[in-house]
Amino acid sequence: MLQHNRRDFLKRAAAGGIAATFIISGTRASGRVIGANDRVRIAIAGINGRGQAHLQAYGEMKDVEIAYLVDPDSRLFASRSAAVQKLAGNTPQCVQDFRRVLDDKTLDAVSLVTPNHWHALLGIWACQAGKDVHVEKPCSHNVVEGRRLVEAARKYDRIVQHGTQRRSDPKWIQLTTDVRKGKFGKLLLAYAYANRPRESIGFRNPEKPPEGLDYNLWIGPAPMHPYRTNLVPYEWHWIWDFGNGEIGNLGTHQLDVARWAMPLDAAPKSVVSVGGRFGYQDQGQTPNTQLTVFDCGDVKLFCEQRGLVARKAVKVTVEFHTTEGVVKEGKFFPQGKDDGEPIPDAPAGGFADLGRLHFRNFIDCVRSRKREELNAEILEGHRSALLAHLGNISYRLGEEVPFHKHTNAFGGDQPAWELFEDMKRHLVDGQGLELAGTTYRLGRMLRFDAQTEKFVGDADADRMLARPYREPFAVPEQV
């Protein structure tokens, strides 16, 4: 299937103590034909945290075999392998290097649950090797590599699903369809909320990676950072070289739902993001409080993240404001009325469930090869992840300004100003922050061309659409 034998090359590289550059080239990868009685053989890459949900979901399916568990941290292998054995009755092969599973011609699919900076590259490699892909949100660490993953899915005719599992929830399917079709009036504003407690990650000194963790593989495409216990295994979310902050974490789910309910041709025309990392000093870099405003033509989209909230103040949901009222909390509130009308079978807000329906849809499409039946197909996933990336680019290109200084960031956008004022009240009343001596980051107002996926007249912003990669873990320019 491939022009060179990667397995032999990897063995020689490992024996010589060098890193192996991984390139797949040549013929179109097609994968094997799955018979009606065959089980779909899958590899799960990333078996800590969310990876255990993937293990649970696939392990419950009688027509799926978890053939491989992949993770740079071999300390996880015994417990996770035992979990598969108990759940599904087979013992998977456990490997640290994802590249080693791709030569297995009997492997049908991969499920990617790694840190964000690995998502797109692993997905591209899998497509090139003829494997179908489920990739957790966000599907990319930046805009360009997300587009490359879409290109790889098309070129190699792969089934590639994004891990925004609400797309397989019948209740969300119905609600977003009703909003999009105007059942509650014409959509004007969508509010995406991802407010949950995020504590300080503190300060940790560099130390030697633990035995059993291949830290070079964990770092992969990103610049090398010294190992710290507040980076691995989870706090990478708040470090720019690895994660995308809360807007690229929980925010991706809410942005996806909001975009799903918009007109089919809605796309971001401009973006501005404000916020900061307030309330504590630590080694985290991403904002713990962020407000992002998107102009999507006829619809405005607001995305809010607050990490300085109590557990009782968690708010993870989407609200829709229309010409006739507001859709929120499972009810429709007509204009001028305080009492909402219950919406039959409305979805609940809050955190998404395990995603069994979503994983089932993926496996069904792996079997049928019907991309049109795939929920959260990768192009849709890319377009939603792109929104998070745009917000972060605006934020990172911004400047620190005092709260008391007047700004024209939102122009005449009254709902945006109201959200900004509410953010300030949250910091003062809820956190006791003294705004008089505090600055926030005022992001750069950016115009965006959704057709070319480039910014309009801003070379600085365009440079942030991609990133340099650490060899040999580079996302290819041509997939």
Side-chain angles (χ1 to χ4, degrees), residues 44-54 57 109-124 126 132-150 152-153 159-169 172-173 176 192-196 198 234 236-240 242-261 268 286 290 292 294 301 303 305 316-318 347 349-359 361-362 374-392:
I44 301 174
I47 54 175
N48 209 347
R50 173 67 180 166
Q52 295 178 78
H54 288 229
V110 300
S111 206
L112 307 178
V113 210
T114 63
N116 299 359
H117 69 289
W118 262 114
H119 285 176
L121 181 57
L122 294 187
I124 291 167
D132 295 322
V133 179
H134 174 99
V135 56
E136 271 294 343
K137 54 75 194 163
C139 59
S140 58
H141 187 260
N142 60 66
V143 172
V144 168
E145 67 182 28
R147 174 53 63 176
R148 299 264 168 80
L149 179 53
V150 174
I159 297 295
V160 183
Q161 184 184 62
H162 194 230
T164 39
Q165 62 263 42
R166 288 172 179 82
R167 292 265 179 165
S168 292
D169 184 329
W172 279 112
I173 292 171
T176 54
Y193 297 97
N195 300 342
R196 65 167 297 176
R198 295 297 186 187
Y234 185 80
W236 54 265
H237 278 288
W238 327 124
I239 306 296
W240 289 120
F242 307 99
N244 303 93
E246 195 71 273
I247 192 173
N249 186 40
L250 289 180
T252 308
H253 284 296
Q254 313 315 313
L255 288 168
D256 182 67
V257 170
R259 196 182 65 79
W260 191 13
T286 64
Q290 187 175 14
T292 306
F294 302 90
L301 170 58
C303 189
Q305 292 83 47
V316 181
T317 192
V318 181
F351 303 112
D353 62 12
L354 174 71
R356 285 182 174 88
L357 292 175
H358 205 47
F359 291 117
N361 173 252
F362 173 61
L374 184 65
N375 299 328
E377 201 277 331
I378 190 57
L379 179 58
E380 294 301 318
H382 167 63
R383 288 172 172 167
S384 294
L386 177 146
L387 293 173
H389 298 322
L390 297 189
N392 280 335

Taking every non-hydrogen atom, the tightest pair across [X] and [Y]:
| X | Y | value |
| --- | --- | --- |
| F359 | A53 | CE1-O, 4.4 Å |
| N375 | N361 | N-OD1, 2.8 Å |
| G391 | T292 | CA-CG2, 3.8 Å |
| G248 | A388 | CA-CB, 3.9 Å |
| T176 | I173 | OG1-O, 3.2 Å |
| V113 | G46 | CB-O, 3.5 Å |

Any non-hydrogen side-chain atom of [X] less than 4.5 Å from a side-chain atom of [Y]?
| X | Y | value |
| --- | --- | --- |
| I247 | C303 | yes |
| R198 | W238 | yes |
| R147 | L379 | yes |
| L390 | P268 | yes |
| R166 | P347 | no |
| L357 | D169 | no |
| N48 | Y234 | no |

Next on the checklist: Hydrogens and angles aside, do N116 and K137 bring a side-chain donor and acceptor to less than 3.5 Å of each other?
Outcome noted: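 Distance-only check fails for N116 and K137.
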Item to check | Verdict with reasoning, V110 to L122, per side-chain contact (heavy atoms from CB on, under 4.5 Å) | outcome: CA-CA 9 Å; V110 300; L122 294 187; over 6 Å; no
From [X] [atom1] over to [Y] [atom2], what is the distance, rounded to the nearest 0.5 angstrom?
| X | Y | atom1 | atom2 | answer |
| --- | --- | --- | --- | --- |
| Y193 | L250 | OH | CG | 15.5 Å |
| N195 | Q305 | CG | CD | 7.5 Å |
| L386 | L255 | CG | CG | 10.5 Å |
| R356 | S168 | CZ | OG | 14.0 Å |
| H141 | L121 | NE2 | CG | 13.0 Å |

Checklist entry - So does D256 pair up with R167, basic N to acidic O under 4.0 Å? => result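 Judged by the 4.0 Å cut-off on N to carboxylate O distance, D256 and R167 do form a salt bridge.
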Item to check | Pair E380 + R259: basic N to acidic O under 4.0 Å | outcome: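 Counted as a salt bridge, because a side-chain N and a carboxylate O are separated by less than 4.0 Å.
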Next on the checklist: Restricting to side chain to side chain donor-acceptor pair (under 3.5 Å), what partner residues turn up for Q254, sequence neighbours left out?
Outcome noted: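 Counting only residues at least two positions away or on another chain, Q254 forms no side chain to side chain donor-acceptor pair (under 3.5 Å).
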Checklist entry - When you look at E246 and Q290, which way does the side-chain contact (heavy atoms from CB on, under 4.5 Å) test go after all the steps? => result CA-CA 9 Å; E246 195 71 273; Q290 187 175 14; over 6 Å; no
Next on the checklist: Which residue in the set H54, H119, H162 passes side chain to side chain donor-acceptor pair (under 3.5 Å) when paired with E136?
Outcome noted: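 Only one option passes, and that is H54.
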Item to check | Identified side chain to side chain contact (heavy atoms under 4.5 Å, CB included) counterpart of E145 within the set L149, N142, V143 | outcome: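 In the set L149, N142, V143, the residue that makes a side chain to side chain contact (heavy atoms under 4.5 Å, CB included) with E145 is N142.
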Checklist entry - Where the side chain of N392 meets the backbone of N244, is there a donor-acceptor pair that is under 3.5 Å apart? => result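 Checked: pair present.
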Checklist entry - Where the side chain of Q165 meets the backbone of D353, is there a donor-acceptor pair that is under 3.5 Å apart? => result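 Yes; at least one donor-acceptor contact below 3.5 Å.
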Next on the checklist: Using side-chain contact (heavy atoms from CB on, under 4.5 Å), reason through R196 and N249 one step at a time and then give a plain yes or no.
Outcome noted: CA-CA 11 Å; R196 65 167 297 176; N249 186 40; 5.8 Å; no
Next on the checklist: I'd like to check the ring pair (Phe, Tyr, Trp, His ring centres under 6.0 Å) partners of H358; sequence neighbours left out, ordered by chain and number.
Outcome noted: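 H134.
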Next on the checklist: For V135 and W118: C-alpha separation, side-chain torsions, deciding distance, then whether side-chain contact (heavy atoms from CB on, under 4.5 Å) applies.
Outcome noted: CA-CA 10 Å; V135 56; W118 262 114; over 6 Å; no
